> 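Got a structure for you, written out below as structure tokens; questions coming shortly.
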Amino acid sequence: MNYPQEVIKPYNEEGKKTEQVEHMFNQIAPKYDQLNHTLSLGIDRYWRKKAIKQLKPHQPKRIMDVATGTGDFALLAVKKLKCKEMVGIDISENMIEIGKKKAQEQGLSDYISFFKEDCTQLSFEDNQFDAVTSAFGIRNFESLDKGLAEMHRVLKKGGKLVILELTTPTFKPVKWGYTIYSKHFIPFIGKVLSKDNSAYTYLPNSIKAFPQGEVMKQVMIKAGFNEVNFKSLTFGICTLYTATK
């Protein structure tokens, strides 16, 4: 099945979305962390902690973080969960290099490794991980169905999936303010800090088009996941999804 966000590309050009996403993140990598914290007003840190808390009762020892970016979520998960191995994968080489530097600076290089991978075509074998996570990355997949299928495939039976994704608020006063913020403020700040206007015009467009809430729950069930649940965070600006294989 095709989903609306799959046809939205960072540069609105011919060619694969995957290639354009890779180019975009390679371009904005040096400013990515600063932009994340600025545009979310720092609330993204709180969202990550909420997501990681979902995994604590399960004590996963081997975790894959899909679309890991510069590794913020993966590094925090290693610290909070004390896992033995974290594998961070991303399509952007420049983002991964920043993640490697942060791991080294934080003394976590022995616990985390990064690989350049297409999230819809993972090179890892079946049933390898106790948990799979993804924070703010799945809306960039070339194919959402293929990406979720791969996440399901590499999970062990009974393994946990945790996804954070930005969403559009449904509460009207918040939705009104968010619409103005995403349409005008996000592209402006993104252009000033990253020098890539297309990247932060693409961001709100991809969020708006992405399936969310109950619709996303059904997509995850279709991919083979059980016990699928979701919870809105910060008036629906972000949604936390959890599931079991």
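This structure is a prediction, so every number in the text was calculated from the model and none was measured.
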> Is it true that Val174 and Leu166 fall in one hydrophobic cluster, defined by side-chain heavy atoms closer than 4.5 Å?
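Different clusters: Val174 never reaches Leu166 through Ile, Leu, Val, Met, Phe, Trp or Tyr contacts under 4.5 Å.
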
> Between Met216 and Phe210, does a side-chain contact (heavy atoms from CB on, under 4.5 Å) hold up when you go through it step by step?
CA-CA 8 Å; Met216 181 60 180; Phe210 192 76; 3.9 Å; yes

> Do Phe230 and Glu214 have side chains that approach each other closer than 4.5 Å (heavy atoms only, starting at C-beta)?
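In short, these two side chains touch, coming nearer than 4.5 Å.
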
> Counting neighbours of CD on Glu93 that are heavy atoms of other residues, nucleotides or ligands and sit closer than 6.0 Å, is the number greater than 12?
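Yes, enclosed.
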
> Restricting to non-hydrogen atoms, name the atom on Ala209 and the atom on Pro4 that form the minimum distance, rounded to 0.1 Å.
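The pair with the smallest heavy-atom distance is O-CB, 3.6 Å.
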
> Measuring from atom CG of Asp44 to atom CG of Leu35, what distance do you get when rounded to the nearest 0.5 angstrom?
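One gets 11.0 Å once the value is rounded to the nearest 0.5 Å.
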
> Who pairs with Phe171 by ring-ring contact (aromatic ring centres under 6.0 Å, His included), at least two apart in sequence or on another chain?
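Phe171: no ring-ring contact (aromatic ring centres under 6.0 Å, His included) contacts found.
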
> Do Leu161 and Val219 land in one hydrophobic cluster if side-chain heavy atoms of ILVMFWY residues count as linked below 4.5 Å?
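Same cluster: Leu161 reaches Val219 through Ile, Leu, Val, Met, Phe, Trp or Tyr contacts under 4.5 Å.
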
> Which class fits the ring pair Phe115 and Phe124: parallel under 30°, tilted 30 to 60°, perpendicular over 60°?
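It falls in the perpendicular class, over 60°.
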
> I'd like a table of donor-acceptor pairs (distance under 3.5 Å, sequence neighbours excluded) in which one partner is a side-chain atom from residues 132-147, with atom names and distances.
residue, atom, partner, partner atom, Å
Thr133, OG1, Asp65, OD1, 2.7
Ser134, OG, Val66, O, 3.0
Arg139, NE, Ser206, OG, 2.9
Arg139, NH1, Phe136, O, 3.3
Arg139, NH1, Glu165, OE2, 2.5
Asn140, OD1, Tyr202, OH, 2.6
Glu142, OE1, Lys17, N, 2.9
Glu142, OE1, Thr18, N, 2.6
Glu142, OE1, Thr18, OG1, 2.8
Ser143, OG, Lys146, N, 3.2
Asp145, OD1, Tyr3, OH, 2.8
Asp145, OD2, Met1, N, 3.3
Asp145, OD2, Tyr3, OH, 3.4
Asp145, OD2, Lys222, NZ, 3.4

> Any donor-acceptor pair under 3.5 Å linking the side chain of Tyr11 with the backbone of Val21?
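Side chain of Tyr11 to backbone of Val21, a donor-acceptor pair under 3.5 Å: no, none is there.
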
> Given the rule that I, L, V, M, F, W and Y join up when any side-chain heavy atoms are under 4.5 Å apart, are Leu240 and Phe235 in one cluster?
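Cluster IDs for Leu240 and Phe235 differ.
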
> Quick one, Lys79 and Leu108 - any side-chain contact, counting heavy atoms below 4.5 Å?
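A side-chain contact exists here, since the closest heavy-atom pair is under 4.5 Å.
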
> I need the Tyr241 OH to Gln212 CD distance, nearest 0.5 Å.
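CD of Gln212 is found 6.0 Å from OH of Tyr241.
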
> Counting only N and O atoms by type, is there a donor-acceptor contact under 3.5 Å from the side chain of Ser92 to the main-chain atoms of Met95?
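Flag set: sc Ser92 to bb Met95 pair under 3.5 Å.
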
> Compare all side-chain heavy atoms of Pro10 with those of His23 and state whether any distance is below 4.5 angstrom.
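Answer no - side chains too far apart.
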
> Should the pair Glu22-Lys116 be classified as a salt bridge under the 4.0 Å nitrogen-to-oxygen rule?
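Looking at Glu22 and Lys116, the cut-off is met.
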
> Whether the side chain of Lys84 engages the backbone of Lys61 through a donor-acceptor N/O pair (distance < 3.5 Å, no angle test) should be reported.
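Not confirmed, Lys84 side chain does not pair with Lys61 backbone.
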
> Working to the nearest 0.5 angstrom, can you tell me the gap between Phe185 CZ and Thr38 OG1?
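Going from the CZ atom of Phe185 to the OG1 atom of Thr38 covers 8.0 Å.
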
> For Glu125, does the CD atom have more than 12 heavy-atom neighbours from other residues, nucleotides or ligands under 6.0 Å away?
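No.
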
> Asp90 side chain to Gly69 main-chain N or O, any donor-acceptor pair under 3.5 Å?
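Present.
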
> Below 4.5 Å, heavy atoms only, C-beta onward: do Thr242 and Lys160 meet side chain to side chain?
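No. Closest side-chain heavy atoms not under 4.5 Å.
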
> Which pair of heavy atoms, one from Val215 and one from Pro211, lies closest together, and at what distance?
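So the minimum-distance heavy-atom pair works out to CG1-CB, 3.7 Å.
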
> With no hydrogens and no angle check, do the side chains of Thr244 and Glu227 hold a donor and an acceptor under 3.5 Å apart?
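A pair is found: one side chain offers a donor N or O, the other an acceptor, under 3.5 Å apart.
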
> Taking the side chain from Asp130 and the backbone from Arg62, do they hold a donor-acceptor pair closer than 3.5 Å?
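Here the side-chain-to-backbone pair exists.
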
> Would you mind reporting whether Met86 and Tyr111 have side-chain heavy atoms less than 4.5 Å apart?
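Not in contact.
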
> Salt-bridged, Glu150 to Arg153, with N to O below 4.0 Å?
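Here Glu150 pairs with Arg153 in a salt bridge, since their nearest N and O are under 4.0 Å apart.
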
> Looking at Thr70, is its backbone amide N or carbonyl O close enough to the side chain of Lys102 to form a donor-acceptor pair, meaning the two atoms are under 3.5 Å apart?
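The answer is yes, because a donor-acceptor pair under 3.5 Å joins these two groups.
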
> Step by step, work out the side-chain contact (heavy atoms from CB on, under 4.5 Å) result for Lys50 and Leu164.
CA-CA 10 Å; Lys50 288 284 288 186; Leu164 276 175; over 6 Å; no

> What are the two closest heavy atoms between Ile112 and Ala74, and how far apart are they?
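Heavy atoms only, the tightest pair is CD1-CB, 3.6 Å.
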
> Heavy atoms, side chains only, cut-off 4.5 Å: are Met151 and Phe129 in contact?
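Heavy-atom side-chain distance check fails, nothing below 4.5 Å.
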
> Looking only at heavy atoms, which two atoms of Pro60 and Cys83 are closest? And how far apart?
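In terms of heavy atoms, the two residues are closest at O-CB, 3.4 Å.
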
> First locate atom CD1 of Ile163, then atom CG of Leu148, and finally report the distance between them rounded to the nearest 0.5 Å.
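One gets 5.5 Å once the value is rounded to the nearest 0.5 Å.
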
> Report the residues that fulfil salt bridge (charged side-chain N to carboxylate O under 4.0 Å, His left out) with Asp110, sequence neighbours left out, ordered by chain and then residue number.
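Scan of Asp110 (salt bridge (charged side-chain N to carboxylate O under 4.0 Å, His left out), adjacent residues dropped) gives none.
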
> For residues Ala51 and Phe73, report the shortest heavy-atom separation together with the two atoms involved.
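Reported closest heavy-atom pair: CB-CE1, 3.7 Å.
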
> Rounded to the nearest 0.5 Å, what's the gap from NZ on Lys156 to CG on Asp126? Could you check?
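If I round to the nearest 0.5 Å, the distance is 13.0 Å.
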
> Return the NZ to SG distance between Lys231 and Cys238, rounded to the nearest 0.5 Å.
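The NZ atom of Lys231 sits 11.5 Å away from the SG atom of Cys238.
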
> Cluster question for you: counting only ILVMFWY and a side-chain heavy-atom cut-off of under 4.5 Å, with indirect links fine, are Phe225 and Val154 together?
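In one cluster with Phe225: Val154, yes.
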
> Any non-hydrogen side-chain atom of Phe25 less than 4.5 Å from a side-chain atom of Ile91?
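Not in contact.
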
> Looking at Glu105 and Ala103, would you say the former's side chain and the latter's main chain have a donor-acceptor pair under 3.5 Å?
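A pair under 3.5 Å: no.
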
> Which atom pair, heavy atoms only, marks the closest approach of Ala77 to Ile52?
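Looks like N-CD1, 3.5 Å.
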
> Same cluster or not: Ile207 versus Ile43, using hydrophobic residues (I, L, V, M, F, W, Y) connected whenever any side-chain heavy atoms lie under 4.5 Å apart?
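Result: yes, single cluster for both.
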
> Does the pair Asn226 and Lys245 meet the rule for a side-chain contact (heavy atoms from CB on, under 4.5 Å), with working shown?
CA-CA 6 Å; Asn226 302 306; Lys245 179 174 177 177; over 6 Å; no

> Assess whether side-chain contact (heavy atoms from CB on, under 4.5 Å) is satisfied between Asn94 and Tyr32, documenting all intermediate values.
CA-CA 11 Å; Asn94 290 355; Tyr32 180 77; over 6 Å; no

> How about Ser40 and Arg45: do any of their side-chain heavy atoms sit closer than 4.5 Å?
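When only atoms from C-beta onward are counted, Arg45 and Ser40 do not touch, as no gap falls below 4.5 Å.
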
> Are more than 12 heavy atoms from other residues, nucleotides or ligands located less than 6.0 Å from atom NZ of Lys208?
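Open: at most 12 neighbouring heavy atoms sit under 6.0 Å from NZ of Lys208.
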
